[in-house]
Every structure is written in structure tokens, then in C-alpha cells.
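Worksheet: one structure, shown below.
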Amino acid sequence: MSGGSWEYQYQAVRRLGEQLTEEGDPLRRALGEHLLVCAEACRLIEWSDSGDSPPDGWREAVEEIVQ
């Protein structure tokens with residue numbers, strides 16, 4: 001597993017997103033889906049900061065979330 005510079009905190013966001021996507025409430029499921037996208041962006045940031053992927057490899061993922 002790569003990364004480590006952020007102590008793999010993206011994994012906690014991913015787990016929360018996965019749990020919420022299993023909920024019965026559609027709004028909670030939608031939040032879960034959003035968190036899964038955020039978790040992936042956080043993973044890309046961590047891997048970039050750890051030197052395991054290109055320095056700007058995370059930008060597109062974050063731009064899709066914040067714009």
C-alpha cells in the first residue's frame with residue numbers, strides 16, 4: 001500500500017461513505033456516494049504528498065468536487 005504521509009485517513013472517510021451507502025434513507029446514501037468521491041480525492045492527495053504519484057495528480061479529482 002502506498003501513501004502514509006496523512007496516516008491513511010482517507011480510509012476512514014471511505015469506510016464512512018461505504019456505511020452510508022447501505023442506509024435506507026436516500027439522502028444518507030447520496031452523502032455516502034459523495035464521501036466515496038471525497039475519499040478518493042484524499043487518497044490521491046496522500047499518495048502525491050508521499051511521492052507515490054504525480055505531484056498534481058490529485059487536482060482534477062478535487063476540482064470535480066469543489067466546482
Side-chain angles (χ1 to χ4, degrees):
M1 181 178 293
S2 295
S5 63
W6 288 82
E7 300 179 4
Y8 307 102
Q9 294 180 54
Y10 70 89
Q11 292 178 352
V13 177
R14 180 185 293 158
R15 283 191 300 273
L16 179 58
E18 289 170 349
Q19 287 178 294
L20 286 169
T21 60
E22 300 297 319
E23 290 282 318
D25 184 278
L27 194 54
R28 287 185 181 206
R29 287 195 310 268
L31 176 59
E33 292 295 330
H34 182 73
L35 288 177
L36 291 174
V37 174
C38 291
E40 177 60 13
C42 290
R43 183 192 67 79
L44 291 170
I45 289 171
E46 178 163 340
W47 285 19
S48 175
D49 289 358
S50 297
D52 296 322
S53 63
D56 289 337
W58 55 271
R59 289 192 168 277
E60 184 177 335
V62 172
E63 286 173 350
E64 289 182 24
I65 294 168
V66 299
Q67 292 181 352

Check against salt bridge (Lys or Arg N to Asp or Glu O under 4.0 Å), E40 and R43: CA-CA 5 Å; E40 177 60 13; R43 183 192 67 79; 2.5 Å; yes
Linked hydrophobic residues, L16 as query - side chain contacts closer than 4.5 Å: V13, L20, L31, L35
R14: partners by salt bridge (charged side-chain N to carboxylate O under 4.0 Å, His left out), with sequence neighbours left out: none
Residues forming a side-chain contact (heavy atoms from CB on, under 4.5 Å) with A61, sequence neighbours excluded: A41, L44
Of all pairs that satisfy salt bridge (charged side-chain N to carboxylate O under 4.0 Å, His left out), the ones with a partner from residues 53-67, not counting sequence neighbours: D56-R59
Minimum-distance pair of heavy atoms, taken over all atoms of G4 and S50: N-OG, 3.6 Å
Nearest heavy atoms of A39 and Y10, plus distance in Å: O-CB, 3.6 Å
Any pair counted as salt bridge (charged side-chain N to carboxylate O under 4.0 Å, His left out), so long as it reaches residues 23-37, sequence neighbours left out: E23-R28
Partners passing side-chain contact (heavy atoms from CB on, under 4.5 Å) against V37 (at least two apart in sequence or in another chain): I65
Euclidean distance, S53 OG relative to W47 CH2, rounded to 0.5 Å: 7.5 Å
